[in-house]
J.: 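Below you'll find the structure I mean.
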Amino acid sequence: MLFIANAEGWPGIPTTIEMLRSGSDSLTAMVAGISKVEAETKVRSVGHGGWPNMLGVMECDAAVMDGTTREVGSVGAVPDTIPVARLAHEVMKQLPHVMLTGAGARRFATETGFSVDDVLLEDSKRVWWERLEQEMTPEQKAAFPNTPLAPLLKTITDPERVRDTTVYLSADPARGIHAATSTSGWAWKYPGRLGDSPIPGAGFYADSRYGAAACTHTGEMTMRCATSRTIVLAMKLGYSLSDAVKLAVDELSELTDGFLGGVVIHAVDAKGNHEVFNFRCQGEIRYWLWDDSMPEAELRAAKTI
Ligand code: GLY
């Protein structure tokens with residue numbers, strides 16, 4: 001049994017490992033762990049501790065993928081809900097759909113018994129408004145929110161403030177290979193913007209026969225390259241895990257126009273190998289690794305070019 005998570009995933013790791021050790025279904029164990037990350041206000045990129053969109057509204061994205069059945073549950077731009085990975089899991093378990101967004105996702109949350117949460121922290125609200133105020137002319141400020149947001153987006157969007165997303169991957173010969181993600185997305189994003197975390201093939205993909213991948217940071221890059229699916233498909237076509245990740249990194253490097261930023265790729269294969277690769281993110285990127293021979297998860301440094 002192998003489990004990896006990005007550094008921001010720390011609040012839920014003991015829960016996930018404990019549940020995996022005691023034989024839990026892998027997705028249930030990872031969703032329970034991610035629920036702790038989403039509730040932890042010290043994690044400033046996911047759930048309650050995350051950053052709002054340009055209107056000061058929290059819109060969270062999350063997904064789960066069962067690599068054995070290749071079933072997916074996904075939610076995007078969900079308001080008023082902290083445990084969105086659990087909501088994505090319910091979409092997978094209960095609905096004939098793969099993805100719900102916005103008001104529809106919140107309606108399903110209410111039908112399924114989720115509370116209506118006040119997701120935006122007072123501190124995030126203060127920082128959101130202070131930054132927005134700096135960018136607006138007096139006319140824009142007087143008209144806000146009835147002012148075009150797109151011109152503001154050019155200067156205010158701050159993907160570096162979102163240092164991470166939460167991604168969890170597990171691989172076990174008996175229980176299969178699975179992926180789960182959760183994020184509040186870019187700080188000051190345009191309302192309704194989805195990142196890669198709810199998009200199968202971009203922010204995550206899992207196939208128990210070959211492996212799984214999940215990405216953090218600039219979703220606008222991995223959505224253009226279908227990075228997670230590329231890695232798993234390359235392994236299906238006979239690439240080793242490290243060659244599959246290299247192929248995906250080469251594809252990201254080929255992008256020269258549009259919004260460009262860093263990406264961190266997390267990947268596992270069905271032979272018990274893993275790779276975490278930092279493509280152009282600033283600073284050292286670390287991740288958590290646990291296998292069932294280890295007493296607890298260890299923090300490791302990602303590879304880079
Ligand atoms: N990777 C997270 C996002 O782009 O929202």
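Along the sequence shown, residues carry numbers from 1. Ligands are counted one by one from 1 in listed order, and the atoms in each one are counted from 1 as well.
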J.: Before signing off on this row, confirm whether Asp196 and ligand 1 have an N or O atom pair separated by under 3.5 Å.
T.: yes
J.: Test your reading of the structure: does Gly219 have an N or O sitting under 3.5 Å from an N or O of ligand 1?
T.: yes
J.: Check Glu220 with Arg193, please: is the shortest side-chain N to carboxylate O separation under 4.0 Å?
T.: yes
J.: Return yes if a side-chain donor-acceptor contact under 3.5 Å exists between Thr216 and Asn6, otherwise no.
T.: no
J.: Against heavy atoms of Thr165, which atoms of ligand 1 measure under 4.0 Å?
T.: 1 (N), 2 (C)
J.: Tell me whether ligand 1 is touched by Arg193 - counting only heavy atoms on the residue side and a distance under 4.0 Å.
T.: yes
J.: Of the non-hydrogen atoms in Leu194 and Met223, which two are nearest, and what is the gap between them?
T.: O-CE, 3.4 Å
J.: Can you find an N/O atom of His217 closer than 3.5 Å to an N/O atom of ligand 1?
T.: yes
J.: Going by the atom numbers of ligand 1, which of them fall below 4.0 Å from some non-hydrogen atom of Gly185?
T.: 5 (O)
J.: I want to know if ligand 1 touches Thr218 in the polar sense, i.e. an N/O pair below 3.5 angstrom.
T.: no
J.: Hey, is Gly203 one of the residues with a heavy atom under 4.0 angstrom from ligand 1?
T.: no
J.: Indicate yes or no for a side-chain donor-acceptor contact from Trp290 to the backbone of Met294 under 3.5 Å, with no hydrogens or angles considered.
T.: yes
J.: How are the rings of Phe144 and Trp128 set to each other: parallel, tilted or perpendicular (split at 30° and 60°)?
T.: tilted
J.: Within the side chain of Thr137, is there an N or O that forms a donor-acceptor pair under 3.5 Å with the backbone of Gln140?
T.: yes
